[in-house]
Amino acid sequence: MHITVLGGGIGGLTAALLLGRRGHQVTVLERDIRQAGADLDADFFDWHRPGVPQAIQPHGLLAPVRSLLLAEAPDVYGAMLRLGAGERHEFDWFDAHPPHRPGDEELVTVRARRIVLESALREAAHRQSEVTLRQGTAATGLLVDHAAPLPQVTGVRSSAGPLNADLVIDAGGRRSPVPGWLAEAVGRAPVVERHRTGIAYFCRWYRLRPEAPEDPGRVRAGAGTAFATGGVFPSDNRIFAVALTVSTSDPTRGALRDPAVFEAVARTFAGCADWLALPHDPVGPVHAMAGLDNRWTSLVDEHGPLATGLLGVGDTLVHTNPTHGQGVPLTLRSVQWVARHADAHHGAELVTAYHRWAVDTLKPWFDRQVVSDRAEQDRLAGRAAPLSDTYAAARACCAMEDPVVMRARAQARHMVLPPELAYGTPEIRSRVAAWMAANPGFAPAAGGPSREQWEELTSARSGGNSRDKRMVVPAD
Ligand SMILES: Cc1cc2nc3c(=O)[nH]c(=O)nc-3n(C[C@H](O)[C@H](O)[C@H](O)COP(=O)(O)OP(=O)(O)OC[C@H]3O[C@@H](n4cnc5c(N)ncnc54)[C@H](O)[C@@H]3O)c2cc1C
């Protein structure tokens, strides 16, 4: 088939690569003239990407990213490791890994800035003879044949002229213009489920100095208070990010753009403080991002597919608030399905089969994010007591001591099993119960500043480091 992919981000490049390797002729249109190359720092820190504003934000790459790349494009994964990506198994928290159970080998976070993945993907796509990358070429509209029984997308208009295709893949990200173009062309709107999140993200990047160890050892990655969360993203090449999240209604949030305030506040969170205690140099300013939503866009309504010849992958299909790091796993899973099935179904059947699979397989993760965001928004906005779920807090603390419970926690966090299945076994329930019995009067505590301290730091621009000494609950 001749396939046109709109967008050369993570989804578009992966789609092109996997489809090209299955023998399809693929053209990728990417409007940005610049592309990820081998100079990771220049590409990451100096490349202004208004079309992909999240590119500078830290990305935790969960287990499905590694597993799917190892299955579909092991050369890309190998290139990521060569470019400096690290691997962190969830059992590395313990001195020794527990006796192996099937699937344990998957529970690995890939530690890398997203540019490492983009660079490895671009290089592989560039080498793939079936793939043509057209940088600096914007798609500007859809070509639609209305003579067919259902409107059929037959290609795209672009800044370089029209391009016909047997299949168009929309990988234009969360701001993709394609759903709007389609609605205009066929007179039926895609079905969009959308939830605003009300959470603002602030991050700053740091580089460990040569005398610093690789990482500070057994340190939790994040912690939360009633109104904020602080987390660390160890990445490639001794670079790490510290990230803070607050409610968009928090009046103090603007102060976090000041690097001195950001850092003083970050040092009051468990985990962040440990990393910032290592010899390091900051790289660049504080980066802020807000205005995020959870969005599910379906090209099938109650009457069936809106058109044939068009599928959306990645953020244009399912865009999730990043608190659980689901974006790249969902993107790669959607791409994998399309690559494996593009040949197997035709016309309306392909669109319907993809829709059914996505609703059954990806939508539950979207729905979980929506539910979790509501709770998170209420917590950050002070509408819910923090850590009110004592059982969940105890389970999280128990996982730090009991590898069997850690396994369940990792399966849920890495989207390997739905949380209700991972945690719902008699084994896990009895272990958590035993832990609670051994810790009577367990009192979950936030691992960050009091509100008073926070306001003092955000208004006075002074440093501080007052770690809470009670039992800190790790952020899930
Ligand atoms: C703050 C933040 C933090 C995140 N953190 C994580 C995380 O920790 N872990 C995780 O897994 N995910 C995370 N994500 C999500 C992740 O970034 C996305 O899921 C992922 O980028 C989706 O890839 P994509 O290819 O669909 O879109 P993108 O990567 O956005 O790529 C879309 C591409 O399409 C191009 N394009 C758009 N329109 C056109 C056009 N008309 N013509 C030609 N080209 C076009 C754009 O230039 C861009 O290159 C985060 C997102 C945000 C917002």
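Just so you know, ligand 1 is whichever comes first in the structure, and atom 1 is the first atom listed for that ligand. Quantities reported herein were computed from a predicted structural model and do not represent experimental measurements.
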If you measure from each heavy atom of Asp32 to ligand 1, is any distance below 4.0 Å? no

List the closest protein heavy-atom neighbour of atom 37 (C) of ligand 1: residue, atom name, distance to the nearest 0.1 Å. Gly172 O, 3.3 Å

If the cut-off is 4.0 Å to any non-hydrogen atom of Thr331, which atoms of ligand 1 fall inside it? 19 (O), 22 (C), 23 (O)

Ignoring hydrogens and angles, state whether a donor on the side chain of Glu90 or His414 is under 3.5 Å from an acceptor on the partner side chain. yes

Before you tell me yes or no, could you show the steps for Trp296 and Val191 under side chain to side chain contact (heavy atoms under 4.5 Å, CB included), namely the whole-Å CA-CA distance, both residues' side-chain angles and the distance that decides it to 0.1 Å? CA-CA 8 Å; Trp296 179 272; Val191 182; over 6 Å; no

Can you tell which of Val156, Thr109, Val52 gets a heavy atom nearest to atom 48 (C) of ligand 1? Val52

Report the part of Leu6 in contact with ligand 1, treating N, CA, C, O as backbone and CB onward as side chain, heavy atoms under 4.0 Å; options are side chain, backbone, both, neither. side chain

So for His59 against ligand 1, with non-hydrogen atoms under 4.0 Å, the contacting part is both

Under 4.0 Å from a heavy atom of Val328: which atoms of ligand 1 are those, numbered in the order shown and with their elements? 10 (C), 11 (O), 12 (N), 19 (O)

How about Asn321 and Asp373: does a side-chain donor come under 3.5 Å of a side-chain acceptor? yes

With the side chain counted from C-beta on, respond yes when Val286 and Leu256 share a heavy-atom pair under 4.5 Å apart, and no when they do not. no

Counting neighbours of CZ on Arg356 that are heavy atoms of other residues, nucleotides or ligands and sit closer than 6.0 Å, is the number greater than 12? no

protein heavy-atom neighbour closest to atom 31 (O) of ligand 1 works out as Gly9 CA, 3.6 Å

Stepwise, does the ring pair (Phe, Tyr, Trp, His ring centres under 6.0 Å) test hold for Trp337 with Tyr354? CA-CA 8 Å; Trp337 190 96; Tyr354 180 52; 5.2 Å; yes

Return yes if a side-chain donor-acceptor contact under 3.5 Å exists between Arg34 and Gln135, otherwise no. no

Has Arg257 got its NZ or CZ under 6.0 Å from the middle of the six-membered ring of Phe202, at an angle within 45 degrees of the ring axis? no

Work out whether the distance between some heavy atom of Arg49 and some atom of ligand 1 is less than 4.0 Å. no

What orientation do His280 and Tyr206 show, parallel under 30°, tilted 30 to 60°, or perpendicular over 60°? perpendicular

Considering only non-hydrogen protein atoms, determine which one is nearest to atom 30 (O) of ligand 1 and report residue, atom name and distance to 0.1 Å. Gln54 NE2, 3.5 Å

Relative to the heavy atoms of Met289, which atoms of ligand 1 are at a distance of less than 4.0 Å? 1 (C), 53 (C)

Test Gln25 against Thr132 for side-chain hydrogen bond (donor to acceptor under 3.5 Å, both in side chains), laying out the working first. CA-CA 8 Å; Gln25 295 297 318; Thr132 307; 6.0 Å; no

Under a 4.0 angstrom heavy-atom cut-off, which atoms of ligand 1 come close to Thr137? 43 (C)

I'd like to know if the side chain of Trp454 pairs up with that of Thr252 as donor and acceptor (distance under 3.5 Å, no hydrogens or angles considered). yes

Does any donor atom in the side chain of Asp170 or Thr316 lie under 3.5 Å from an acceptor atom in the other side chain? yes

Regarding atom 24 (P) of ligand 1: of the candidates Gly291, Gly11, Ala290, Gly312, which has the closest heavy atom? Gly11

Among all protein heavy atoms, pick out the one at the shortest distance from atom 47 (O) of ligand 1; state its residue, atom name and that distance to 0.1 Å. Glu30 OE2, 2.7 Å

Which is it for Arg175 and ligand 1 at heavy atoms under 4.0 Å: side chain, backbone, both or neither? neither

Any atom of ligand 1 sitting under 4.0 Å from a heavy atom of Val178? no

Atom NE2 of residue position His126 - does it have more than 12 heavy atoms of other residues, nucleotides or ligands inside 6.0 Å? no

Can you tell which of Ala171, Gly7, Cys203 gets a heavy atom nearest to atom 32 (C) of ligand 1? Ala171

Can you tell which of Ser334, Gly60, Pro64, Ala200 gets a heavy atom nearest to atom 9 (N) of ligand 1? Gly60

Closest non-hydrogen protein atom to atom 42 (N) of ligand 1, residue and atom name please, with distance? Ala139 N, 2.9 Å

Run the numbers for me: atoms of ligand 1, each under 4.0 Å from some heavy atom of Arg114, listed by number. 17 (O), 20 (C), 21 (O), 29 (O)

for atom 44 (N) of ligand 1, nearest protein heavy atom and its distance come out as Arg31 N, 3.2 Å

The option among Ile199, Ile56, Asp315 carrying the non-hydrogen atom nearest to atom 19 (O) of ligand 1 is Asp315

Under 4.0 Å, counting heavy atoms only: does Pro58 come that close to any atom of ligand 1? yes

Proximity flag Ala138 to ligand 1, non-hydrogen atoms under 4.0 Å: yes

Regarding Glu30 and Gln35, do their side chains bring together a donor and an acceptor under 3.5 Å, going by distance alone? no

Within 45 degrees of the ring normal and closer than 6.0 Å to the centroid, is that where the cationic atom of Arg113 sits relative to Phe44? yes

Is ligand 1 less than 4.0 angstrom away from at least one heavy atom of Gly51? no

Which heavy atom of the protein is the closest neighbour of atom 1 (C) of ligand 1, given with residue, atom name and distance? Gln57 CG, 3.6 Å

Provide the number and element of each atom of ligand 1 under 4.0 Å from a heavy atom of Gly314. 26 (O)

Closest to atom 27 (O) of ligand 1 by heavy-atom distance, out of Pro329, Pro322, Gly173, is Gly173

Salt bridge (Lys or Arg N to Asp or Glu O under 4.0 Å) contacts in which one or both residues fall within residues 46-69, not counting sequence neighbours: Arg49-Glu118, Arg66-Glu87

